[in-house]
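I have placed the structure first, in the form of C-alpha coordinates, so that the comments after it can refer back to it.
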There are 2 protein chains.
Amino acid sequence: MAEAKTQLFDNDLQELAQLFKALAHPARLQILSFLASQNACFSGDITEEIPLGRTTVNQHLSELKKVGLVQGIVRGSKTNYCLDNKAIELLEKSGIEFLSKLNKSNCNDC
Amino acid sequence: MAEAKTQLFDNDLQELAQLFKALAHPARLQILSFLASQNACFSGDITEEIPLGRTTVNQHLSELKKVGLVQGIVRGSKTNYCLDNKAIELLEKSGIEFLSKLNKSNCNDC
DNA sequence: AAAGCATGACGTATTTTTACGTCAAAATTA
DNA sequence: TAATTTTGACGTAAAAATACGTCATGCTTT
(Lines give C-alpha, C1' and ligand atoms only; values in the text may rest on other atoms or scores of the structure.)
Protein backbone atom coordinates (compact mmCIF):
# COMPACT_ATOMS: atom_id res chain seq x y z
CA MET A 1 0.00 0.00 0.00
CA ALA A 2 3.01 2.26 0.26
CA GLU A 3 3.07 4.90 -2.45
CA ALA A 4 5.62 4.00 -5.09
CA LYS A 5 6.70 7.63 -5.27
CA THR A 6 8.39 8.11 -8.60
CA GLN A 7 12.15 8.54 -8.51
CA LEU A 8 13.17 11.79 -10.07
CA PHE A 9 16.88 11.20 -9.86
CA ASP A 10 19.40 8.46 -10.30
CA ASN A 11 20.18 6.55 -7.13
CA ASP A 12 23.89 7.25 -7.26
CA LEU A 13 23.26 10.97 -7.61
CA GLN A 14 20.87 10.90 -4.73
CA GLU A 15 23.26 9.04 -2.50
CA LEU A 16 26.17 11.29 -3.31
CA ALA A 17 24.03 14.36 -2.72
CA GLN A 18 23.16 12.88 0.64
CA LEU A 19 26.82 12.55 1.50
CA PHE A 20 27.52 16.12 0.50
CA LYS A 21 24.57 17.27 2.53
CA ALA A 22 26.12 15.68 5.57
CA LEU A 23 29.27 17.66 4.89
CA ALA A 24 27.37 20.87 4.28
CA HIS A 25 27.47 22.33 7.74
CA PRO A 26 30.46 23.89 9.50
CA ALA A 27 29.62 22.20 12.77
CA ARG A 28 29.69 18.79 11.13
CA LEU A 29 32.96 19.55 9.39
CA GLN A 30 34.39 20.66 12.69
CA ILE A 31 33.22 17.47 14.31
CA LEU A 32 34.91 15.42 11.61
CA SER A 33 38.04 17.50 11.99
CA PHE A 34 38.03 17.01 15.72
CA LEU A 35 37.43 13.29 15.49
CA ALA A 36 40.22 13.00 12.95
CA SER A 37 42.64 14.60 15.37
CA GLN A 38 41.65 12.60 18.40
CA ASN A 39 41.93 9.03 19.46
CA ALA A 40 39.59 9.32 22.38
CA CYS A 41 36.32 10.80 21.32
CA PHE A 42 33.67 11.15 23.97
CA SER A 43 30.44 12.70 23.01
CA GLY A 44 31.00 15.21 25.78
CA ASP A 45 34.41 16.23 24.49
CA ILE A 46 32.97 16.95 21.11
CA THR A 47 30.23 19.04 22.61
CA GLU A 48 32.80 21.27 24.25
CA GLU A 49 34.58 21.87 20.97
CA ILE A 50 31.54 22.96 19.04
CA PRO A 51 29.95 26.34 19.73
CA LEU A 52 26.44 24.98 19.89
CA GLY A 53 24.21 23.41 22.50
CA ARG A 54 24.64 19.79 23.48
CA THR A 55 21.46 18.52 21.88
CA THR A 56 22.23 20.30 18.66
CA VAL A 57 25.67 18.76 18.49
CA ASN A 58 24.10 15.41 19.17
CA GLN A 59 21.76 15.95 16.29
CA HIS A 60 24.67 16.70 13.98
CA LEU A 61 26.42 13.56 15.19
CA SER A 62 23.34 11.55 14.32
CA GLU A 63 23.37 12.88 10.81
CA LEU A 64 27.00 12.00 10.36
CA LYS A 65 26.23 8.56 11.68
CA LYS A 66 23.27 8.20 9.36
CA VAL A 67 25.43 8.52 6.25
CA GLY A 68 28.17 6.33 7.68
CA LEU A 69 30.81 8.98 8.27
CA VAL A 70 30.90 8.49 11.98
CA GLN A 71 30.46 5.60 14.33
CA GLY A 72 29.51 5.59 17.98
CA ILE A 73 29.60 2.89 20.59
CA VAL A 74 28.34 3.01 24.11
CA ARG A 75 30.89 2.61 26.91
CA GLY A 76 29.05 2.64 30.17
CA SER A 77 27.39 5.95 30.65
CA LYS A 78 29.45 7.59 27.95
CA THR A 79 29.49 7.14 24.22
CA ASN A 80 32.58 7.01 22.09
CA TYR A 81 32.44 8.42 18.64
CA CYS A 82 34.98 7.97 15.90
CA LEU A 83 35.33 8.26 12.17
CA ASP A 84 33.83 5.40 10.24
CA ASN A 85 35.51 3.76 7.28
CA LYS A 86 33.65 5.90 4.81
CA ALA A 87 35.03 9.06 6.35
CA ILE A 88 38.56 7.79 6.55
CA GLU A 89 38.41 6.74 2.93
CA LEU A 90 37.00 10.09 1.99
CA LEU A 91 39.72 11.90 3.87
CA GLU A 92 42.38 9.81 2.22
CA LYS A 93 41.13 10.04 -1.32
CA SER A 94 39.68 13.47 -1.41
CA GLY A 95 41.56 16.19 -3.16
CA ILE A 96 39.64 18.69 -1.15
CA GLU A 97 42.29 20.47 0.80
CA PHE A 98 40.59 20.70 4.13
CA LEU A 99 39.66 17.06 4.21
CA SER A 100 42.96 15.64 3.11
CA LYS A 101 44.85 17.71 5.63
CA LEU A 102 43.09 16.02 8.48
CA ASN A 103 44.96 13.19 10.11
CA LYS A 104 43.01 10.03 9.93
CA SER A 105 43.07 8.29 13.23
CA ASN A 106 41.70 5.08 14.56
CA CYS A 107 39.76 5.33 17.72
CA ASN A 108 41.39 2.83 20.02
CA ASP A 109 38.06 2.07 21.53
CA CYS A 110 35.74 1.50 18.60
CA MET B 1 25.94 50.57 12.67
CA ALA B 2 25.71 47.10 11.25
CA GLU B 3 25.56 44.40 13.89
CA ALA B 4 28.92 42.68 14.20
CA LYS B 5 27.14 39.33 14.46
CA THR B 6 29.55 37.01 16.20
CA GLN B 7 31.12 34.35 14.04
CA LEU B 8 30.47 30.93 15.41
CA PHE B 9 32.67 29.08 12.97
CA ASP B 10 35.97 29.44 11.25
CA ASN B 11 35.79 31.10 7.86
CA ASP B 12 37.39 28.21 6.03
CA LEU B 13 34.95 25.77 7.53
CA GLN B 14 32.07 28.00 6.60
CA GLU B 15 33.23 28.38 3.05
CA LEU B 16 33.83 24.69 2.57
CA ALA B 17 30.44 23.89 4.04
CA GLN B 18 28.98 26.32 1.53
CA LEU B 19 30.66 24.47 -1.30
CA PHE B 20 29.37 21.12 -0.08
CA LYS B 21 25.93 22.59 0.27
CA ALA B 22 26.03 23.53 -3.39
CA LEU B 23 26.84 19.91 -4.18
CA ALA B 24 24.16 18.58 -1.86
CA HIS B 25 21.33 18.24 -4.32
CA PRO B 26 20.96 15.63 -7.05
CA ALA B 27 19.72 18.19 -9.55
CA ARG B 28 22.83 20.28 -9.10
CA LEU B 29 25.08 17.25 -9.40
CA GLN B 30 23.27 16.31 -12.56
CA ILE B 31 23.74 19.81 -13.90
CA LEU B 32 27.46 19.62 -13.21
CA SER B 33 27.59 16.22 -14.81
CA PHE B 34 25.80 17.47 -17.87
CA LEU B 35 27.94 20.55 -18.20
CA ALA B 36 31.04 18.44 -17.85
CA SER B 37 29.97 16.30 -20.77
CA GLN B 38 28.99 19.15 -23.05
CA ASN B 39 30.78 21.88 -24.84
CA ALA B 40 27.72 23.83 -25.76
CA CYS B 41 25.61 24.49 -22.73
CA PHE B 42 22.48 26.53 -23.25
CA SER B 43 20.32 27.15 -20.29
CA GLY B 44 17.48 25.60 -22.22
CA ASP B 45 19.38 22.41 -22.93
CA ILE B 46 20.08 21.97 -19.26
CA THR B 47 16.45 22.49 -18.40
CA GLU B 48 15.49 19.61 -20.65
CA GLU B 49 17.92 17.28 -18.94
CA ILE B 50 16.70 17.90 -15.43
CA PRO B 51 13.34 16.53 -14.30
CA LEU B 52 12.22 19.80 -12.74
CA GLY B 53 10.55 22.98 -13.88
CA ARG B 54 12.48 25.63 -15.72
CA THR B 55 12.50 28.18 -12.96
CA THR B 56 13.65 25.62 -10.44
CA VAL B 57 16.53 24.56 -12.62
CA ASN B 58 17.41 28.20 -13.04
CA GLN B 59 17.47 28.58 -9.31
CA HIS B 60 19.85 25.65 -8.97
CA LEU B 61 22.07 27.17 -11.63
CA SER B 62 22.21 30.39 -9.66
CA GLU B 63 23.37 28.55 -6.60
CA LEU B 64 26.11 26.82 -8.52
CA LYS B 65 27.12 30.18 -9.92
CA LYS B 66 27.08 31.75 -6.49
CA VAL B 67 29.79 29.43 -5.19
CA GLY B 68 31.81 29.68 -8.39
CA LEU B 69 31.22 26.20 -9.73
CA VAL B 70 29.47 27.38 -12.84
CA GLN B 71 29.72 30.36 -15.09
CA GLY B 72 27.15 31.83 -17.42
CA ILE B 73 27.42 34.41 -20.13
CA VAL B 74 24.67 35.96 -22.18
CA ARG B 75 24.71 35.34 -25.92
CA GLY B 76 21.87 37.26 -27.44
CA SER B 77 18.63 35.96 -26.07
CA LYS B 78 20.21 32.81 -24.74
CA THR B 79 22.65 32.20 -21.95
CA ASN B 80 25.56 29.85 -22.09
CA TYR B 81 26.56 28.05 -18.97
CA CYS B 82 29.74 26.14 -18.36
CA LEU B 83 31.87 24.81 -15.55
CA ASP B 84 33.96 27.43 -13.83
CA ASN B 85 37.57 26.88 -12.82
CA LYS B 86 36.62 25.90 -9.33
CA ALA B 87 34.50 23.05 -10.59
CA ILE B 88 37.08 21.82 -13.05
CA GLU B 89 39.71 21.85 -10.33
CA LEU B 90 37.37 20.03 -8.02
CA LEU B 91 36.62 17.41 -10.63
CA GLU B 92 40.29 16.93 -11.33
CA LYS B 93 41.48 16.68 -7.78
CA SER B 94 38.59 15.01 -6.10
CA GLY B 95 38.89 11.41 -5.18
CA ILE B 96 35.15 11.22 -5.10
CA GLU B 97 34.33 8.71 -7.74
CA PHE B 98 31.40 10.39 -9.34
CA LEU B 99 33.16 13.71 -9.70
CA SER B 100 36.43 12.45 -11.04
CA LYS B 101 34.71 10.33 -13.63
CA LEU B 102 33.23 13.38 -15.25
CA ASN B 103 35.11 14.71 -18.25
CA LYS B 104 36.15 18.24 -17.74
CA SER B 105 35.40 20.26 -20.77
CA ASN B 106 35.93 23.82 -21.78
CA CYS B 107 32.94 25.59 -23.11
CA ASN B 108 34.09 26.99 -26.42
CA ASP B 109 31.93 29.99 -25.88
CA CYS B 110 32.69 31.15 -22.38
C1' DA C 1 6.76 46.94 -35.55
C1' DA C 2 4.44 42.70 -33.73
C1' DA C 3 4.62 38.16 -32.12
C1' DG C 4 7.18 34.73 -30.07
C1' DC C 5 11.21 32.80 -27.32
C1' DA C 6 14.58 32.49 -23.65
C1' DT C 7 15.87 34.26 -19.34
C1' DG C 8 16.07 36.22 -14.90
C1' DA C 9 13.59 38.45 -11.00
C1' DC C 10 10.08 38.10 -7.61
C1' DG C 11 6.65 36.15 -4.65
C1' DT C 12 5.04 32.14 -2.17
C1' DA C 13 3.46 27.64 -0.40
C1' DT C 14 5.60 23.43 1.36
C1' DT C 15 9.01 20.89 3.17
C1' DT C 16 13.57 20.50 5.60
C1' DT C 17 17.04 21.92 8.49
C1' DT C 18 18.67 23.97 12.54
C1' DA C 19 18.96 24.97 17.35
C1' DC C 20 17.44 24.11 21.71
C1' DG C 21 14.49 22.98 25.83
C1' DT C 22 12.62 19.26 28.41
C1' DC C 23 12.25 14.37 29.76
C1' DA C 24 13.56 9.78 30.61
C1' DA C 25 16.93 6.04 31.03
C1' DA C 26 21.19 4.04 32.19
C1' DA C 27 25.43 4.28 34.67
C1' DT C 28 28.60 6.45 38.17
C1' DT C 29 29.61 8.48 42.30
C1' DA C 30 28.85 9.74 46.92
C1' DT D 1 20.14 3.98 47.93
C1' DA D 2 20.20 8.79 46.52
C1' DA D 3 22.21 12.27 43.84
C1' DT D 4 24.68 13.28 39.80
C1' DT D 5 26.29 12.52 35.03
C1' DT D 6 25.94 11.36 30.36
C1' DT D 7 23.37 10.56 26.81
C1' DG D 8 19.47 9.85 23.44
C1' DA D 9 14.51 10.69 22.32
C1' DC D 10 10.91 13.91 21.51
C1' DG D 11 8.65 18.24 20.58
C1' DT D 12 8.91 22.79 18.56
C1' DA D 13 9.88 27.50 16.97
C1' DA D 14 12.49 29.87 13.60
C1' DA D 15 15.16 29.91 9.53
C1' DA D 16 16.45 28.04 5.08
C1' DA D 17 15.83 25.27 0.94
C1' DT D 18 12.84 23.65 -2.71
C1' DA D 19 9.68 23.85 -6.45
C1' DC D 20 6.87 26.67 -9.17
C1' DG D 21 3.78 30.26 -11.07
C1' DT D 22 3.75 34.79 -12.90
C1' DC D 23 5.71 38.91 -14.71
C1' DA D 24 9.02 41.79 -17.12
C1' DT D 25 12.84 42.36 -20.26
C1' DG D 26 15.43 41.91 -24.23
C1' DC D 27 16.41 39.28 -28.40
C1' DT D 28 14.85 37.02 -32.70
C1' DT D 29 11.70 36.13 -36.31
C1' DT D 30 8.25 37.27 -39.23
Side-chain angles (χ1 to χ4, degrees), chain A residues 3 5-9 13-14 17-32 35 40-67 69-82 107 109-110, chain B residues 3 5-9 13-15 17-31 35 40-67 69-82 107 109-110:
Chain A
E3 284 289 330
K5 193 170 181 194
T6 14
Q7 278 260 107
L8 283 184
F9 295 100
L13 280 187
Q14 211 129 26
Q18 209 60 26
L19 176 65
F20 282 133
K21 189 178 286 182
L23 296 169
H25 193 289
R28 292 195 288 270
L29 290 178
Q30 199 176 338
I31 289 171
L32 289 178
L35 286 182
C41 40
F42 288 79
S43 169
D45 295 344
I46 299 169
T47 299
E48 283 178 31
E49 284 289 313
I50 313 293
L52 292 172
R54 185 189 63 81
T55 49
T56 306
V57 173
N58 215 308
Q59 203 171 337
H60 285 305
L61 275 168
S62 293
E63 274 170 80
L64 289 171
K65 209 157 59 170
K66 199 178 63 187
V67 297
L69 285 170
V70 147
Q71 183 180 1
I73 61 166
V74 179
R75 281 256 172 283
S77 70
K78 301 190 172 183
T79 303
N80 271 323
Y81 280 98
C82 64
C107 178
D109 206 14
C110 299
Chain B
E3 285 288 332
K5 193 170 182 197
T6 15
Q7 279 260 108
L8 283 184
F9 296 99
L13 279 187
Q14 211 129 26
E15 214 173 298
Q18 208 60 27
L19 176 65
F20 282 133
K21 189 177 286 182
L23 296 169
H25 193 290
R28 292 195 287 270
L29 291 178
Q30 199 178 337
I31 289 172
L35 287 182
C41 39
F42 287 80
S43 170
D45 294 346
I46 298 168
T47 299
E48 282 178 32
E49 284 290 312
I50 313 293
L52 293 171
R54 186 190 62 82
T55 50
T56 306
V57 172
N58 216 308
Q59 203 171 336
H60 284 305
L61 275 169
S62 292
E63 272 169 81
L64 289 172
K65 208 156 62 170
K66 199 177 65 191
V67 297
L69 285 170
V70 147
Q71 185 181 358
I73 63 166
V74 179
R75 281 258 172 281
S77 71
K78 300 191 171 182
T79 303
N80 269 324
Y81 280 98
C82 64
C107 177
D109 205 16
C110 299

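We name chains A, B, ... by the order of the sequence lines, and we start the count at 1 in each one. The analysis underlying the following values was restricted to heavy atoms, covering all of them including side chains, and did not include hydrogens, waters or symmetry mates.
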Nucleotide of dA19(D), dT18(C), dC20(C) approaching L52(A) most closely (side-chain heavy atoms): dC20(C)
Pair of N/O donor and acceptor under 3.5 Å linking dG21(D) base with R54(B) side chain: no
Flag side-chain contact, heavy atom, 4.5 Å: F20(A) against V67(A): no
Atom pair distance, as rounded to whole Å: CD in E48(B) and C1' in dA6(C): 12 Å
Touch class at under 4.0 angstrom, heavy-atom based, for T79(B) against every strand present: sugar-phosphate
Sugar-phosphate, base or nothing in reach of T55(B), heavy atoms under 4.0 Å: base
Candidates dA19(C), dC27(D), dG8(D) - which lies nearest the side chain of S77(B): dC27(D)
Residue mapping more 5' on DNA chain C - nearest nucleotide basis, R28(A) or K78(A): R28(A)
Interatomic distance, N80(A) CG vs dT6(D) C1' [rounded to whole Å]: 12 Å
Gap between atom CD1 of I50(B) and atom NE2 of H60(B) - 0.5 Å precision: 8.5 Å
Short side-chain N/O contact to dT7(D) OP1/OP2 from R75(A), under 4.0 Å: no
Euclidean distance, L64(B) CG relative to Q71(B) CD, rounded to 0.5 Å: 13.0 Å
Rounded interatomic separation in angstrom, taking CD from E63(A) and P from dA19(C): 10 Å
Separation of atom CD1 in I31(A) from atom P in dT18(C), rounded to whole Å: 11 Å
Under-4.0 Å side-chain N/O to phosphate OP1/OP2 contact, H60(A) with dT17(C): no
Sugar-phosphate only, base, or nothing, as touched by K65(B) at under 4.0 Å among non-hydrogen atoms: nothing
Whole angstrom value for the distance that separates P of dC20(C) from CG of N58(A): 13 Å
Nearest-Å distance for atom pair CD/P, residues Q30(A) and dA19(C): 12 Å
Main-chain N/O of K21(A) paired with R28(A) side-chain donor or acceptor, under 3.5 Å: yes
Integer-rounded Å distance: dA16(D) C1' and K21(A) NZ: 12 Å
Nearest-0.5 Å distance that lies between atom CG in L35(A) and atom CG in D45(A): 10.0 Å
d(CZ, F42(B); P, dG8(C)) in whole Å: 13 Å
Residue whose closest nucleotide on DNA chain D lies nearer the 5' end, Q59(A) versus L8(A): Q59(A)
